[in-house]
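For reference, positions follow the sequence shown, starting with 1.
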Amino acid sequence: MPVAYDRMPLGALRVFEAVATSLNFSAAADALNVSPAAVSQQIKALEDYVQVPLFRRTGRRVELTDEGLELLPAVRDGLERLTSAMHQLKHHGSAGPLQITTVASFLQMWVLPRLRSFRRKFPDVDLRFHTSRDLVDFSRSSTHVALRFGHGNYPNLHSEKLLDDWLVPVASPELVKQYGLIERGADLSRYPLLESDDEPWSVWNKPDEEVVWRSRAPSIDDSAGLLAAAEEGLGFALARWTLVSRHLQKGSLKLAGKETLPFRSGYYFVCPKSFLTLPKVAQFREWIFAAARDFPAPDAAPASVRRRG
């Protein structure tokens, strides 16, 4: 180890960051699970090393000095890089499962029905799926890949669009036969509707007709539950194409309108840039993007899926 590193109180840098975050020696000691005296000793060692005071103590108040404010961003960046490097090393050195997080509806209705082809192509890769909508801190979790529905704004990560999506009106065959198709601008009060925050009928109808139907529309906050209710004939649903396409193929639901609307969000493949070189991540990425290329947009879907009535 170089002489400079040998002399530098590296352990004190973590203590410095903890005190700078809380501006309280006791709180920093609790966070680090050490005594306040140990925190004070580490800060003194660091101040002795840099030859300048890093904190200004006034009674119980603790403030960063100008030198402390200057040092803090570099320390945080260094600790974050070190944590990331250690985590990456752990991932590279492990032959364990590929950890993937995604939303439950996409896993259930799009990923799982295609998964047998992945297992045939890459039988040695063990997949572990976790369902969540939350953002992922890759440096502090075992997650390798996140499949997220959004706009692709994931700073400092590899974010690559996997799929676009569209909104399409659907209903059970019996309900379509009974009520007919829902045209854009039609009076929605004539139809039994299923409402969802993610797929609202307000984007389909005219704004001045919203009050008529919103008060009578059952609301379901889960996409899978929404489609299950539509299959039961409880109402018409405005559904995402990626989630409803298999229902249309099986005939349990039918398209209930002639138009489709591009959805404001899409699906993204997200991971740290360095993880792209991991063989198991590269293999999963190769497979899922090939599956996405084979997935037809509404206008390119087979006639059996697009057929109305």
Which residues share a salt bridge (charged side-chain N to carboxylate O under 4.0 Å, His left out) with Arg61, sequence neighbours left out
Glu63
Do any pairs count as a salt bridge (Lys or Arg N to Asp or Glu O under 4.0 Å) and have a residue in residues 126-136, sequence neighbours left out, and if so which ones?
Asp126-Arg128, Arg133-Asp198
Only pairs under 3.5 Å count here: list side-chain donor-acceptor contacts from residues 223-235, not counting sequence neighbours, and write none if there are none.
unit_1, atom_1, unit_2, atom_2, d
Ser223, OG, Glu199, OE2, 3.1
Glu231, OE2, His247, ND1, 2.9
Glu231, OE2, Ser252, OG, 2.6

With sequence neighbours excluded, what pairs up with Asp294 under the side-chain hydrogen bond (donor to acceptor under 3.5 Å, both in side chains) test?
none
What residues, two or more places apart in sequence or in another chain, satisfy side-chain hydrogen bond (donor to acceptor under 3.5 Å, both in side chains) together with Glu160?
His158, Arg285
Identify, with sequence neighbours excluded, every residue that meets side-chain hydrogen bond (donor to acceptor under 3.5 Å, both in side chains) alongside Arg76.
Glu17, Thr21
Can you say whether the rings of Phe236 and Tyr191 are parallel (under 30°), tilted (30 to 60°) or perpendicular (over 60°)?
perpendicular
Looking at the rings of Phe149 and Phe263, which for Trp means the six-membered one, are their centres under 6.0 Å apart?
yes
Going by ring pair (Phe, Tyr, Trp, His ring centres under 6.0 Å), name the residues that satisfy it together with Phe16, two or more places apart in sequence or in a different chain.
Phe55
Can you name the residues that form a side-chain contact (heavy atoms from CB on, under 4.5 Å) with Lys161, not counting sequence neighbours?
Asp164, Tyr268
What pairs meet the salt bridge (Lys or Arg N to Asp or Glu O under 4.0 Å) rule with one or both residues in residues 143-157, with sequence neighbours excluded?
none
Do any pairs count as a salt bridge (Lys or Arg N to Asp or Glu O under 4.0 Å) and have a residue in residues 22-44, sequence neighbours left out, and if so which ones?
Lys44-Asp48
Considering residues at least two apart in sequence or located in another chain, which fulfil the salt bridge (charged side-chain N to carboxylate O under 4.0 Å, His left out) criterion with Arg246?
none
Thr131: side-chain contact (heavy atoms from CB on, under 4.5 Å) partners, not counting sequence neighbours:
Ala104, Leu107
